[in-house]
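Notes follow once the structure below has been shown.
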Amino acid sequence: MYTFVFINGIITSEDQDKTDKNALVREFPHNLVAAENIKFINGYNASHLAGLGDLVETASQILDNPINNYDRDTILLQIHTEVTTRKILLVGHSQGTFYTNEIYDYLLKHGESKD
């Protein structure tokens, strides 16, 4: 069993986030893994200050020095009850990629193996 977590970029509504995840689900090569063995979920990255806060955070993430972990922790809290597998595929779009990397690092630092 696998969990596929999609994390959106900046200035994306929650509805658009779900639409984008569903587009990925349709395009996902289900022949690689039996479709019933994959759970697709959203890790919604909400916008702050009409996107301005997101741009500032993105700049800090580019420099590998995030201003804070608020969004990463919020996404982890959102998905923690839905992730029931040991195998997770984190997929980020735009700024969501920074959060997938931060979540990956967080999981490794807290006892999960790279496998």
Side-chain angles (χ1 to χ4, degrees):
M1 184 80 172
Y2 300 83
T3 302
F4 178 109
V5 181
F6 173 71
I7 302 173
N8 61 288
I10 64 172
I11 312 172
T12 303
S13 71
E14 203 162 354
D15 287 340
Q16 184 62 49
D17 176 49
K18 290 176 183 172
T19 299
D20 293 346
K21 183 211 57 168
N22 290 338
L24 285 171
V25 170
R26 284 191 304 277
E27 297 299 323
F28 189 81
H30 292 284
N31 59 334
L32 295 178
V33 181
E36 65 272 5
N37 288 329
I38 305 172
K39 181 177 185 177
F40 293 88
I41 63 174
N42 290 81
Y44 181 60
N45 166 31
S47 289
H48 305 287
L49 302 172
L52 182 60
D54 302 318
L55 293 173
V56 171
E57 182 69 23
T58 299
S60 72
Q61 290 169 313
I62 288 170
L63 299 172
D64 201 25
N65 189 21
I67 293 171
N68 63 53
N69 294 320
Y70 176 81
D71 287 326
R72 181 206 68 191
D73 294 346
T74 300
I75 293 166
L76 282 168
L77 285 170
Q78 282 175 23
I79 68 173
H80 89 277
T81 57
E82 294 184 78
V83 175
T84 58
T85 64
R86 300 286 298 174
K87 296 178 182 179
I88 301 172
L89 175 62
L90 299 167
V91 178
H93 173 261
S94 186
Q95 185 190 29
T97 302
F98 290 117
Y99 291 122
T100 62
N101 291 335
E102 290 177 26
I103 289 169
Y104 178 76
D105 290 341
Y106 175 89
L107 293 172
L108 292 181
K109 287 177 185 172
H110 290 85
E112 295 300 325
S113 72
K114 285 186 178 186
D115 296 338

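The structure presented is a predicted model; accordingly, all values stated were derived computationally and were not measured.
In this structure, L63 shares a hydrophobic cluster with no other residue, the cluster being traced through Ile, Leu, Val, Met, Phe, Trp and Tyr side chains under 4.5 angstrom apart. Cluster note: F98 groups with I62 through ILVMFWY side-chain heavy atoms spaced under 4.5 Å, whether in direct contact or through intervening members.
Here the straight-line distance linking atom NZ of K39 with atom OG1 of T3 works out to 6.5 Å at 0.5 Å rounding. The line from CG of D71 to CD of E57 is 6.5 Å long, rounded to the nearest 0.5 Å. From N101, atom CG reaches atom CD of Q61 across 9.5 Å, with rounding to the nearest 0.5 Å. Interatomic distance, H48 NE2 to D54 CG, rounded to the nearest 0.5 Å: 5.5 Å.
By the rule that hydrophobic residues join a cluster once side-chain heavy atoms approach within less than 4.5 Å of another member, V25 and I38 end up as members of one cluster. Taken together through direct or relayed side-chain contacts under 4.5 Å among Ile, Leu, Val, Met, Phe, Trp and Tyr, Y104 and V5 form part of one hydrophobic cluster. Residues I79 and V91 do not share a hydrophobic cluster, clusters being chains of Ile/Leu/Val/Met/Phe/Trp/Tyr side chains in contact below 4.5 Å. Cluster annotation: L89 and V83 are assigned to distinct hydrophobic clusters (Ile/Leu/Val/Met/Phe/Trp/Tyr, side-chain heavy-atom contacts under 4.5 Å, transitive). No single ILVMFWY cluster, assembled from side-chain heavy atoms under 4.5 Å apart, contains both Y70 and Y99.
Residues S60 and N65 have side chains that never bring a donor and an acceptor to within less than 3.5 angstrom of each other. Side-chain contact annotation: Y2 with N37, donor-acceptor N/O pair under 3.5 Å absent.
Partners of H110 under the ring-ring contact (aromatic ring centres under 6.0 Å, His included) rule, at least two apart in sequence or in another chain, are Y106. With sequence neighbours excluded, no residue satisfies side-chain contact (heavy atoms from CB on, under 4.5 Å) with K109. Every residue meeting the side chain to side chain donor-acceptor pair (under 3.5 Å) condition with Q16, not counting sequence neighbours, appears here in chain and number order: D20. A search for side-chain contact (heavy atoms from CB on, under 4.5 Å) contacts involving N69 returns R72, D73, E102, not counting sequence neighbours. Residues meeting the side chain to side chain donor-acceptor pair (under 3.5 Å) test with T100, sequence neighbours left out: none. Residues forming a side chain to side chain donor-acceptor pair (under 3.5 Å) with N45 (at least two apart in sequence, or on another chain): Q95. Looking at residues two or more places apart in sequence or on another chain, you find no ring-ring contact (aromatic ring centres under 6.0 Å, His included) involving Y44. Under the salt bridge (Lys or Arg N to Asp or Glu O under 4.0 Å) criterion, E112 pairs with R86, sequence neighbours left out. Among residues two or more places apart in sequence or in another chain, the side chain to side chain donor-acceptor pair (under 3.5 Å) test is passed with T74 by none.
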Side chain to side chain contact (heavy atoms under 4.5 Å, CB included) between I7 and I103, worked out: CA-CA 11 Å; I7 302 173; I103 289 169; 3.6 Å; yes
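In D64, the CG atom is not crowded: 12 or fewer heavy atoms of neighbouring residues, nucleotides or ligands sit closer than 6.0 Å.
Here the rule is side chain to side chain contact (heavy atoms under 4.5 Å, CB included) with N8, and of I11, T12, I10 only T12 fits it.
Not a single donor-acceptor pair under 3.5 Å links the side chain of S94 to the backbone N or O of G96.
A tilted orientation is assigned to the rings of F6 and H93, their planes being inclined by 30° to 60°. The aromatic rings of F40 and F28 sit perpendicular to each other, their planes meeting at more than 60°, with 30° as the lower class boundary.
For residues 2-19, the set of pairs meeting the salt bridge (charged side-chain N to carboxylate O under 4.0 Å, His left out) definition, not counting sequence neighbours, is empty.
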